2 protein chains.
Amino acid sequence: MRMQQTQLKEPARIPSDPIQRAWIALGRVSQAIREDVALALKNARLPDITWYTVLWELERAAKPTRPKDLAIPLFIMPYQLSRLVDRMEEEGLVQRIACPEDKRGHLLEPTPEGYEMRKRMWTVYAPAMEEAMKRIGDAEALQLAQLLNRLGGIDYPVPPKA
Amino acid sequence: MRMQQTQLKEPARIPSDPIQRAWIALGRVSQAIREDVALALKNARLPDITWYTVLWELERAAKPTRPKDLAIPLFIMPYQLSRLVDRMEEEGLVQRIACPEDKRGHLLEPTPEGYEMRKRMWTVYAPAMEEAMKRIGDAEALQLAQLLNRLGGIDYPVPPKA
DNA sequence: CTGAGTTTGTTGCATTCGCAACAATGCCTC
DNA sequence: GAGGCATTGTTGCGAATGCAACAAACTCAG
């Protein structure tokens, strides 16, 4: 019989003060700057950032892409993507085309209007991002990115956005 | 007439590579760890983090508090809070009590079950936070918090959570 | 006191979301 | 190639959300 075993009844381990501070700051700041950029897009009567991300991911793949291959890097659930694509298709920004090797699914591709829209969104997105991040410099940004990637267990460099 | 004036037609300024990396990492990592903790609470059949935050903010205030005074620090819109309180009241976790000085509003106070619930949630929340943040140490966490707070324009130290 | 303007909080409505159930196809073993 | 399991994607439905309109109470100048 061991002493010190981690058991149910012992008081829950409390995250250290620095961990708590990082946790809180992460929640608040990420929300704040995401909202800043979201607002900029809305004010310009442009679609949500998510739409941008989908369009950009498709464009970056440079070939028709399966929904399942989008869902992973975009961090969204398949049923969300399904309806997201519904709406984007309705707006004429992407199209579902038949998938030869797997008749369950299909391939996604931006329409010409889709490419156009992505570009147009970037002209608002980019300055808004710049504005939201203006309080830190490049050196700090790099440091921040590295810390975050370590925190998230990402050890490869994330490719830049555009 | 000035040269160099920032005008509409010039190509949109593109955020530097480090800024873009920080932006992306911030979005992904914050989402990922938030979902981790949210999942832990859901698996324990406990309410959402937002409920915790409300209960904790009320408890920290140590006196009945106006909705408007909660909305600011919680970063949520009044109409969201309104319905949030509806649901929490329905579950018997908070109560609206009459406000003597302003008959428009009311004061919010946790019920005994509310205090109880906050405590119970913390026993899941704390270890989940610890787990989600385990990849960085205290020194890094502090550095991260400082960078984030600078980014968010917050120059006072954020009080720890519990 | 009165009436204009503000603050505080709620609500109707259309949209969106999350979940679990589902259809359809693919894959793999016997 | 038949039957069982896994993968891929969609959908019905109840709950939640965002927005704009709203009611009620407060403030304050005249």
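Bear in mind that the values here come from a model prediction, so they are computed numbers and not experimental data. Below, chain A is the first sequence line, B the second, and so on; all start at residue 1.
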Return the 5'-most residue of the pair A:Arg87, A:Lys103 with respect to DNA chain C, ranking by each residue's nearest nucleotide.
A:Arg87

Taking everything shown except B:Arg66 itself, do over 12 heavy atoms lie less than 6.0 Å from its CZ?
yes

Expressed in angstrom and rounded to an integer, what is the separation of B:Lys68 atom NZ from D:dA25 atom P?
17 Å

With sequence neighbours excluded, what pairs up with A:Thr50 under the side chain to side chain donor-acceptor pair (under 3.5 Å) test?
A:Asp48

Taking all non-hydrogen atoms of both residues into account, name the closest pair between A:Pro47 and A:Met121 and its distance.
O-CE, 3.1 Å

Do B:Tyr125 and A:Trp23 get their side chains close enough for a donor-acceptor pair, meaning under 3.5 Å?
yes

When you list every nucleotide of DNA chain C with an atom under 4.0 Å from a heavy atom of chain A, which one comes first 5' to 3', and which comes last?
C:dT16 to C:dG26

Quiz item: B:Arg83 side-chain donor-acceptor pair to D:dG18 base, under 3.5 Å:
yes

Please determine whether a side-chain nitrogen of the Lys or Arg among B:Glu116 and B:Lys119 lies less than 4.0 Å from a carboxylate oxygen of the Asp or Glu.
no

N/O (side chain, A:Tyr79) to phosphate O (OP1/OP2, D:dG9) under 4.0 Å:
no

How many whole angstroms separate atom CD1 of B:Ile49 from atom P of D:dA16?
16 Å

Distance in angstrom units between A:Met77 CE and D:dT8 C1', rounded:
13 Å

In whole Å, what is the span from the CG atom of B:Asp48 to the C1' atom of D:dA15?
13 Å

Side-chain N or O of A:Arg66 versus OP1/OP2 of D:dT7: is the shortest distance under 4.0 Å?
no

Is the shortest distance from a Lys or Arg side-chain nitrogen in A:Glu131 or A:Lys134 to a carboxylate oxygen in the other one below 4.0 Å?
yes

